[in-house]
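If you're wondering where the values come from, they're calculated on a predicted model, not measured in any experiment. Counting starts at 1 for both ligands and their atoms, in listed order. Scope of the values below: all heavy atoms of this structure, side chains included, with no hydrogens, waters or symmetry mates.
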Amino acid sequence: MIRSHSPAHCDAAGDERYRRIVDTLHEHGWSEQDNFLPPDLTLALAQECTALAAAGSLTLAQVSRGAARALQPSVRGDHILWLEPGQSTACDRYLAIMEALRVVLNRELYLGLDEYESHFAFYPPGASYQQHRDRFRDDDSRVVSVVVYLNHDWLPEQGGALRLHPQGMCTRDIYPVGGRMALFLSADMLHEVLPAIRDRLSLTGWFRRRA
Ligand code: OGA
Ligand code: MN
């Protein structure tokens, strides 16, 4: 079967899929979806991320903001590069998909999301990101966090789960399987990235409200 992955606003089946994601987010505060990205796009984004890492274009991510901003690899060990529109065909396709999801989130949940920011993230083996929330104390613009994974043939025994800690519920481990998407409410969801025994590639992003 050939599956269509065109943006939701011009594809009824895609729209229905996005609605399921949005309904689950509304009900539980998080949602996950396998095969969110088409395989050829996952592959192109993975190749781009790998090439950027090999070229030394990714930089060790910082924790906190303002004066507290610092490199603390034991707290956060990923290397990142922020996406710019026009950076590549693959990135533009990804951004178009996220734009379609933004429209559905606003239409269904009235979230008033204005924009999307996203970066490649590369965790070398052993790197992790300790428990945190994605919203900064001095900035409430991030509303929904989204992670899309780019790893071919990921096995649970390789580690690297995104571990969600939903309030009053069991923890939930989401493995970074290529094409899979996880999203959650940035302000509420405590979460962490567990170390893996292989490189772990993703695109992490946030739907934001303008101040
Ligand atoms: C983050 C984050 C989760 C993941 O970058 O803030 O929590 O699974 N990422 O990569
Ligand atoms: Mn996070």
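In terms of polar-atom proximity, defined here as any N/O pair under 3.5 Å, H132 does make such a contact with ligand 1. Considering backbone and side-chain atoms alike, D134 places an N or O below 3.5 Å from some N or O of ligand 1.
Considering just the N/O/S atoms of D134, the one nearest the Mn ion (ligand 2) carries the name OD1.
Classified by interplanar angle (parallel below 30°, tilted 30° to 60°, perpendicular above 60°), the ring pair H28/W30 is tilted. The aromatic rings of Y116 and F207 are tilted relative to each other, their planes meeting at an angle between 30° and 60°.
Distance check: D134 CG to L185 CG gives 11.0 Å after rounding to the nearest 0.5 Å. One distance of note links CD of Q158 with CG of N151; it measures 9.0 Å at 0.5 Å rounding.
Counting protein heavy atoms only, atom 8 (O) of ligand 1 is closest to Y149 OH, 2.5 Å. Ranking the protein heavy atoms by distance from atom 5 (O) of ligand 1 puts T204 CG2, 3.5 Å first.
Using a 3.5 Å distance cut-off with no hydrogens or angles, the side chains of S118 and Y94 do pair a donor with an acceptor. For the 3.5 Å distance criterion, the side chains of H165 and H191 fail to qualify, holding no donor opposite an acceptor.
For atom 4 (C) of ligand 1, the choice among V146, D78, I80, V193 with the nearest heavy atom turns out to be V193. Across the listed options R200, H191, R142, M189, H191 owns the non-hydrogen atom lying nearest to atom 2 (C) of ligand 1.
Taking the Mn ion (ligand 2) as the apex, the angle formed with NE2 of H132 and NE2 of H191 is 90°, to the nearest 10 degrees.
The V147 neighbourhood of ligand 1 comprises atoms 3 (C), 4 (C), 8 (O), 10 (O), with distances under 4.0 Å to a heavy atom of that residue. For ligand 1 and Y129, the ligand atoms under 4.0 Å from any heavy atom of the residue are 1 (C), 5 (O), 6 (O).
Contact annotation: the side chain of H79 approaches that of P124 to within less than 4.5 Å [non-hydrogen atoms, C-beta and beyond].
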